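First listed ligand is number 1; within each ligand, the first listed atom is number 1. Predicted, not measured: the structure shown is a model, and the values here were computed from it.
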Amino acid sequence: MGYNLPVENLKLPAVFTYGSATAAYQIEGAADRDGKGKSIWDVYTHLEPSRTNGENGDVACGHYDRVQDDVKLMADLGMKTYRMSLSWTRIIPLGGRHDPVNEVGIAFYDKLIDALLEHGIQPSVTLYHWDAPQTLYERYGLFLDTAEFRADFEHYARLCFSRFGDRVKTWITFNEPYIISIFGHLNGTLAPGHCAERGSDTVREPWRVGHTLILSHAAVTAIYADEFQPTQQGRISIVLNGHFYEPFDRSNPADIAAAQTRLEFYIAWFGDPVFLGRDYPACMRVYLGDRLPVFTEDDLDLLRATSKINSFYGMNHYSSKFARQITDRPPAKDDWTSNIEELSTNIHGEEIGPASSSAWLRIAPTGFRKLLNWVSSRYPHLPIIITENGCPCPGETDMEVAKDDQFRQRYLGLYLDAISRAIYEDGIEVQGYYVWSLMDNFEWSAGYGPRFGIIHVDYDTLGRTPKNSAYYLRDTMEQRRGTSSVRNDY
Ligand code: NOJ
């Protein structure tokens, strides 16, 4: 919806920050070099080839050996910030709080952070982007044991703050807790691949995982605030993803309610405890009953205290869908949606937007603007940072399509216009934008198929070629910036 609009290159605030995002496992490669331990992705990608299109992150984009060149490319493309993640098992190969630290892994990230700063690029660092230590999975099932995971994550985070926090001023604890919970522990399409067919308890596990992530985020936020923020003066938060949902049938109150419920089950599941310091949304408590873990009074005290410390809402957003309340069949016993179906076409056969080369991703900038409004009215005290946004183009295996990636340029232009409208017409504070992704990379269960990069990667030679979208973003960010004084004061 909204995809028929022309790209208008609408203005953005003078201090709006622009950069790109990546994640360690998706680009680094060097999976067993210099003392790195195995993560759940190292293992998962080597179990059954069908899970990841026969591909893995062993080599990926070879970023581990190309730090200087990659950082220079960012600078040449006008980026002033870079969202990266740390590989936990490069830093603590076995992952646990009593396990040895790998100084060579720390040195790698020191080198990367220093290179960024030398090029005037501010690092924004995600502690956990899905590559948990395999040893912790084997020891206690990772997120399934809240107390153990929390203690190990606290130790890892404290080490990262103390070693990198003199230079890193933006921290993100977890990337997309919804995906970790549902795709990792219900659908089983992402590591560690838990699903009913493989014997997991999908009725309860995903909600336990979410609970662990929320409390571990809060615990680490408290540590940062108490022990590091006073001297390091940085900020910390979490990154939540989510589509926007339109009702499948606008004239049906059940579908109107379904769109709202779907947003709450997806986003407010994490957002309400983390940013509002309170229990899960009421619709989840009612529907999930005792499948949903309970916060103790101590937990709620921690959530209340830390909710005020999160200093931005990190938003990963790509697309929108229609929500339809299913009424003609009962939900499965592990249903995670309140019996709501997600569709890309509404009751009139209208599509939500043109399809990219990933089935779940269509161009729908109007939904993006609506989501910015939804988030900002639910969490009004927080500025929003777009921590990921981007798309793979149809036909992009053809190098000509990749180089002049019109589909992506149009997508990015429309989504940036949506941000501008949200800022200037709706009064929402959006502080910055990270395109996903700096370069084509390992797209998890889809392997190297979908190319999300604004830089093309030749997976045979590991050569990098900026696509036209990279130049479009460089130029439009300049042109849009501060062209009006209407609201450029943050
Ligand atoms: C979300 C994830 O954070 C990232 O790892 C992934 O590659 C992109 N979205 C695209 O699917």
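- Side-chain contact of Asn241 with Tyr266: a donor-acceptor pair under 3.5 Å is present, judged by distance alone.
- Numbered from 1 in the order shown, with element, the atoms of ligand 1 that lie under 4.0 Å from a heavy atom of Glu443 read 6 (C), 7 (O), 10 (C), 11 (O).
- The single protein non-hydrogen atom nearest to atom 2 (C) of ligand 1 is Glu388 OE1, 3.4 Å, given as residue, atom name and distance.
- Across all non-hydrogen atoms, the minimal contact from Ile113 to Pro123 is CG2-CG, 4.1 Å.
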TODO: Kindly determine whether Thr45 and Asn56 satisfy side-chain hydrogen bond (donor to acceptor under 3.5 Å, both in side chains), including the steps that lead there.
DONE: CA-CA 5 Å; Thr45 50; Asn56 58 61; 5.3 Å; no
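- Using a 4.0 Å cutoff on heavy atoms, Trp360 counts as a contact of ligand 1.
- Between the side chain of Tyr411 and the backbone N or O of Tyr318, at least one donor-acceptor pair lies under 3.5 Å.
- Closest heavy-atom approach to atom 8 (C) of ligand 1 among the candidates Tyr318, Phe452, Tyr25: Tyr318.
- Note: Phe108 and His63 have perpendicular aromatic rings, judged against thresholds of 30 and 60 degrees for the angle between ring planes.
- Using modelled atom types, one side-chain atom of Asp405 and one backbone atom of Ser469 make a donor-acceptor pair closer than 3.5 Å.
- Set against the non-hydrogen atoms of Asn175, the atoms of ligand 1 under 4.0 Å away are 2 (C), 3 (O).
- With ligand atoms numbered from 1 in the order given, ligand 1 contributes 3 (O) to contacts under 4.0 Å with heavy atoms of Asn316.
- Close approach of ligand 1 to His129 (heavy-atom distance below 4.0 Å) involves ligand atoms 2 (C), 3 (O), 4 (C), 5 (O).
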